[in-house]
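Note on naming: letters A, B, ... go to the chains in the order of the sequence lines (proteins, then strands), and numbering restarts at 1 for each one.
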Amino acid sequence: MRIFIIKRLLLGLLVLFGVISVTFVIVRVIPSDPAAQWVGPRATIEQIEAARVELGLNDSFFVQYGNFVADLAQGDLGKSIRTHQPVMTELKAFLPATLELVFLSTFIGVFLGLYLGVVSARRKDQWVDHLCRFFSVATVSIPAFWIGLLLQYVFYGTLDWLPLGERLSMNVKLFHEIPDITGMLLFDSLITWNLVVFWDALKHILLPGFVMALFPIGLVARMTRSALLEILNEDYIKAARSYGLSERIIMWSYALKNSLGPTATVVTLAIGYTLVNTFLIESIFSWPGIGNYIASAVVSLDYPAIMGVTIFSAVSYVFLNLAADMIIALDPQVRT
Amino acid sequence: MNHQVISWNAIAPRIKEFRETVYLLKRNKLTRIALLAIYALIFIAIFAPWLAPHSTHIMMDTNPQDKLLAPCTQYLFGTDELGRDIFSRVLYGTRISLQTGLLAVGISLLIGVPLGAIAGASEWYVDEAIMRVTDIFLSFPGLLLAIAIAAILGPSLQNAMLAISISWWPWYTRIVRGQAISLRERQFVKAAKAIGTPHYKIIFSHIIPNCIAPVIVQASMDIGGVILTIAALSFLGLGAQPPTPEWGLMISTSRTYFLSAWWYSFFPGMAILITVLVFNLLGDGLREVLDPKTRKKQ
C-alpha cells in the first residue's frame, strides 16, 4: 500500500516533468517570432534584436530549456505578450473566480448526480430510469457554450430574472463594500455576513454554475447507477431486506455508502473536466476567471499566457488524477 | 505470399457472437433510433447540395434585405446577419462535422494503433518509453491540449482536426497495447516468431489485425466527443473560419445577435446536440452489449 502510493507519486512527478517539457517544445515550435510581437508592429530591427536578448531567444535550445525549468521552479511563467505583466500574477488574480465556479458546479453536480443515480437504480427499467439515463447521455452531448447562450436568452432576455453575466451588478459594486479574503465572493460575503453582496453574487453565479454542473451531474448519475445496481445484488443487501428494513434505509445508508468509492474517482475527473470547460463558459458569462483569460489570450495569440494556463491546468489535472488513485488505494476492498 | 488456412470451427463462434451483438444492439429501442438517425445524418451530409433550398447561401452570397428574419416558410430556420438561409447552412454543416469528426478519429487511430502494437509486442524498454509518453499526453485534459496545439498551429479547420488527433491518440495506444500483450503469448504469434518472421511483420500482419475490433468499437464511441470538441474549437475561433458553415462557428458569430434573434444560435446548436447525442447513444448501446457484465442473454 505504501509502496503503491510512493510509486504513484514518483510517476506523478515524472508526468509533471513530461508535461512541462511537452509544453516547452510546443512553445519552441511556434512559427512566429515572439520578440517581434513583444515590441509591437512599429519596432526597429535593433529593438527586436534587443528584445530577443531580453527574452533569451538567442541562447541555445537546451540553455533556454534550463532557464524555462528554473523560472518555473520559482513560480515564474514568463510575461504576457499582450499586457507585459507576469503571467503568474495575472493567473493569481483570475483564479479565485474560476475556483468558485468549479467548486459550486461540482457541488451541484455531485448532489444532483447522486440523487438521480439512486432514483434511477431504484426504479431500474422503469420510465424514470430511462429518462435519467437519457438525461445523463444528453448532458455529455450538449455543447455547453450553446446551452449557456440559450439560458441567457430565457432567463435574461425573456424572463429578466437573472443577470446576463459578470460576478456582481454595477450598483452593488459601487455602493457596497466587497469583502476580499479568498477572492471567492460567495464564501467571503457569507463569512462577513454581507447578505446583499451574497444574494447578488448568487444570482450571478447561478447560470454559469448550472451549465458547468451538467457534465458532472450526468457522469455521477451514471456511475452511481451502475455501482448501485451491482451492490443491490449482494448478499448483505438481501439480508437487510429480509430483516424488514425499509427500502429507503437500505438504499441511502447501506448501498450508497459502498458505491461512493467509484463515484469519488469520477468526481475528481469531473473537476478536471469542469476546469477546462471554464474556457468555453466564462467568456459567455463575462466571468473574470482563467477561462476568460485564455480565451482572450487565444484570440491575440499570447503564447506565454496560453502556456501558463496550460501548465497550470495540466498540473491540477495530474494532482486530481493522483487524488483519484489515492481514493482507490484507500478503498478497503482494493487494499491488500 | 500468405497461405492461411482458416478453419471453420475457429471462425464459427465469432460469427455467431457478432450476429448476437447486432441482434442485441437492434433490440434496444434507443440504440435503434440512434442508428436510424446516424443513417439520416449521413444521407443529409451526402445530399446536402440537393436538399438545401438556398444552396447559394452557403459561403459568401449575401442578401442583406432579408437579414435576421425569424423562421418562416421561405427560410425554415430563419436567416443570419447577412441574410443567408440558416437551414441550408445547417445542412451543409452536417457534411463538415461528420467529415472532420471521422477524419480526426481516423488520424488518431493511425497514430495510436501502431504505437500501441509496437509497445505491446516489443522489449520492455520500448514499451516503457511509449507508455510513459502516452501517460504524459493523457495527463493533459483533452480540450486543453487541443486548444494549445490549435492556437500554435494557427486557426483553421484542418489544424483543429490535427490538434484533436494529437490529443486523442493515446487512448487507442492504451487499448491496443493491452490487446497486444495478450496476443504476444498466443501460439500463432510464437509460431511466426519461431520461423523467423521479422518483428515489424509480426506487428503489422499478426498483432494489429487481431486487436482491431475493440479499437473500432471505442472509435465509434468517440466520434460524438470529437465532433463536440471541433465545434468547441470553432466556437473559440480556433477551428473553421468564416464563411464556412460550421455549427460551432455559426453559434460563435450568433453571439452578437442572440438576444434579438434566438433562431440564429438555436438551430446550429440543436444540430450539434442531435449529432453528438446519437453517436453517444450508439456508443452507450455498444458498451452495454459488449460488456459481459451487462450483456443480457435470453
Side-chain angles (χ1 to χ4, degrees), chain A residues 11-12 14-19 21-23 26-27 29-32 130 133-134 137-138 140-147 149-150 152-154 156-158 164 222 226 229-230 272-273 275-277 279-280 283-284 294-295 297-299 301 303 306-307 309-310 313-318 321, chain B residues 29-30 34 132-133 135-155 224-225 227-228 231-233 235-238 247-248 251-252 254-255 258-262 264-266 268-281 283-284 291 293-294:
Chain A
L11 189 68
L14 183 78
V15 167
L16 272 187
F17 185 70
V19 163
S21 308
V22 168
T23 314
I26 292 176
V27 181
V29 296
I30 302 169
S32 73
H130 290 306
R133 292 178 72 190
F134 184 79
V137 179
V140 296
S141 313
I142 282 187
F145 49 92
W146 173 71
I147 202 79
L149 286 176
L150 283 194
Q152 278 181 332
Y153 178 78
V154 173
Y156 171 80
T158 316
L164 186 61
R222 183 191 290 215
S226 63
L229 285 182
E230 243 167 73
Y273 185 90
L275 195 64
V276 180
N277 226 358
F279 299 176
L280 297 167
S283 71
I284 294 174
I294 198 177
V298 158
V299 173
L301 298 182
Y303 296 114
I306 297 174
M307 286 311 131
V309 179
T310 308
S313 312
V315 168
S316 348
Y317 207 66
V318 169
N321 273 322
Chain B
K29 231 179 258 165
L30 266 182
R132 292 299 81 79
V133 172
D135 278 346
I136 290 166
F137 272 86
L138 284 178
S139 62
F140 282 96
L143 179 64
L144 175 72
L145 190 60
I147 287 176
I149 295 170
I152 280 146
L153 292 175
I227 290 177
L228 191 59
L233 285 179
F235 177 78
L236 282 176
L238 288 171
W247 295 333
I251 296 178
S252 175
S254 79
R255 282 175 68 181
F258 82 96
L259 283 176
S260 51
W262 59 270
Y264 194 175
S265 5
F266 181 78
M270 223 36 206
I272 301 177
L273 172 61
I274 291 173
T275 310
V276 178
L277 185 67
V278 294
F279 276 107
N280 282 345
L281 282 176
D284 220 40
D291 184 353
K293 267 189 198 161
T294 45

Asks: State, to 0.1 Å, how close B/Leu236 and A/Ala295 come at their nearest heavy-atom pair, and which atoms those are.
Replies: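 Looks like CD2-CB, 4.3 Å.
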
Asks: Taking all heavy atoms of A/Gln152 and all of B/Leu259, pick out the closest pair and write down the distance.
Replies: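 Smallest heavy-atom distance, with atoms named: O-CD2, 4.5 Å.
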
Asks: Counting only non-hydrogen atoms closer than 4.5 Å, does A/Leu275 touch chain B with its backbone (N, CA, C, O), its side chain (CB onward), both, or neither?
Replies: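 Neither part; nothing is under 4.5 Å.
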
Asks: Measure distances from B/Leu238 to the heavy atoms of chain A and classify the residue's part below 4.5 Å as side chain, backbone, both or neither.
Replies: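 When you check distances to chain A, only side chain atoms of B/Leu238 fall under 4.5 Å.
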
Asks: Do you know which of A/Asn321, A/Leu280, A/Val318 has the most heavy-atom pairs under 4.5 Å to chain B?
Replies: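 Sorted descending by pairs with chain B, the first entry is A/Leu280.
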
Asks: Chain A: which of B/Ala232, B/Ala231, B/Gly224 shares the most heavy-atom pairs with it under 4.5 Å?
Replies: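 It is B/Ala232.
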
Asks: Under a 4.5 Å heavy-atom cut-off, does chain B meet the side chain of A/Phe17, its backbone, both or neither?
Replies: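 For A/Phe17, there is no contact with chain B at all, as no heavy atom is under 4.5 Å.
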
Asks: Listed by chain and number, what are the ring pair (Phe, Tyr, Trp, His ring centres under 6.0 Å) partners of B/Phe279, not counting sequence neighbours?
Replies: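 Applying ring pair (Phe, Tyr, Trp, His ring centres under 6.0 Å) to B/Phe279 gives none.
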
Asks: Could you grab the distance from atom CD1 of A/Ile147 to atom CG of B/Leu273, nearest 0.5 Å is fine?
Replies: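 CG of B/Leu273 is found 7.5 Å from CD1 of A/Ile147.
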
Asks: Taking all non-hydrogen atoms of both residues into account, name the closest pair between A/Thr310 and B/Ala148 and its distance.
Replies: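 Smallest heavy-atom distance, with atoms named: OG1-CB, 4.0 Å.
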
Asks: Should the ring pair A/Phe145 and B/Phe235 be called parallel, tilted or perpendicular, given that the plane angle runs from 0 to 90° and is split at 30 and 60?
Replies: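 The rings of A/Phe145 and B/Phe235 lie parallel, inter-plane angle below 30°.
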
Asks: Among A/Ser283, A/Ala144, A/Ser226, who wins on heavy-atom pairs under 4.5 Å with chain B?
Replies: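 Max contact count across the listed options: A/Ser283.
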
Asks: Which answer fits A/Val315, side chain, backbone, both or neither, if we ask what part of it has an atom under 4.5 Å from a heavy atom of chain B?
Replies: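 A/Val315 has no heavy atom closer than 4.5 Å to chain B.
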
Asks: Heavy atoms only: give me the nearest A/Pro143-B/Gly269 pair and the separation to one decimal.
Replies: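 Taking every non-hydrogen atom into account, CG-O, 4.2 Å.
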
Asks: Does any heavy atom of chain A fall under 4.5 Å from the side chain of B/Leu138, the backbone, both, or neither of them?
Replies: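 Backbone only.
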
Asks: Kindly give the heavy-atom pair with the smallest separation between A/Ser141 and B/Leu228, and that separation in Å.
Replies: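 Taking A/Ser141 first and B/Leu228 second, the nearest heavy atoms are O-CD1, 3.9 Å.
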
Asks: Find out whether A/Leu150 and B/Phe258 are in side-chain contact, i.e. whether some heavy atom of one side chain is under 4.5 Å from a heavy atom of the other.
Replies: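 The answer is no, as the side chains (C-beta and beyond) never meet within the 4.5 Å cut-off.
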
Asks: Side chain, backbone, both or neither: which part of A/Ser21 has an atom under 4.5 Å from a heavy atom of chain B?
Replies: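 Neither part, no heavy atoms under 4.5 Å.
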
Asks: Tell me, side chain or backbone of B/Asp284 under 4.5 Å from chain A's heavy atoms, or both, or neither?
Replies: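 It is the side chain, since no backbone atom gets that close.
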
Asks: Please check if the number of heavy atoms outside A/Tyr156 that lie under 6.0 Å from its OH is greater than 12.
Replies: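 Result for OH/A/Tyr156: open.
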
Asks: Go through the steps to decide whether B/Leu281 and A/Phe134 satisfy the test side-chain contact (heavy atoms from CB on, under 4.5 Å), and finish with yes or no.
Replies: CA-CA 8 Å; B/Leu281 282 176; A/Phe134 184 79; 4.1 Å; yes

Asks: Heavy-atom distances under 4.5 Å only: say whether A/Leu149 touches chain B with side chain, backbone, both or neither.
Replies: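 For A/Leu149, the contact with chain B is made by backbone and side chain together.
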
Asks: Taking only residues two or more places apart in sequence or in another chain, which ones pass side-chain hydrogen bond (donor to acceptor under 3.5 Å, both in side chains) with B/Ser254?
Replies: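 side-chain hydrogen bond (donor to acceptor under 3.5 Å, both in side chains) list for B/Ser254, sorted by chain: B/Ser265.
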
Asks: Under 4.5 Å between any side-chain heavy atoms of A/Trp146 and B/Ile272, yes or no?
Replies: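 Sidechains of B/Ile272 and A/Trp146: no contact.
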
Asks: What is the distance from atom CG of A/Leu16 to atom CD1 of B/Ile136, rounded to the nearest 0.5 Å?
Replies: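 So the CG of A/Leu16 and the CD1 of B/Ile136 are separated by 10.0 Å.
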
Asks: With only heavy atoms counted, which part of A/Ile142 is less than 4.5 Å from chain B, the side chain, the backbone, both or neither?
Replies: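 When you check distances to chain B, atoms from both the backbone and side chain of A/Ile142 fall under 4.5 Å.
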
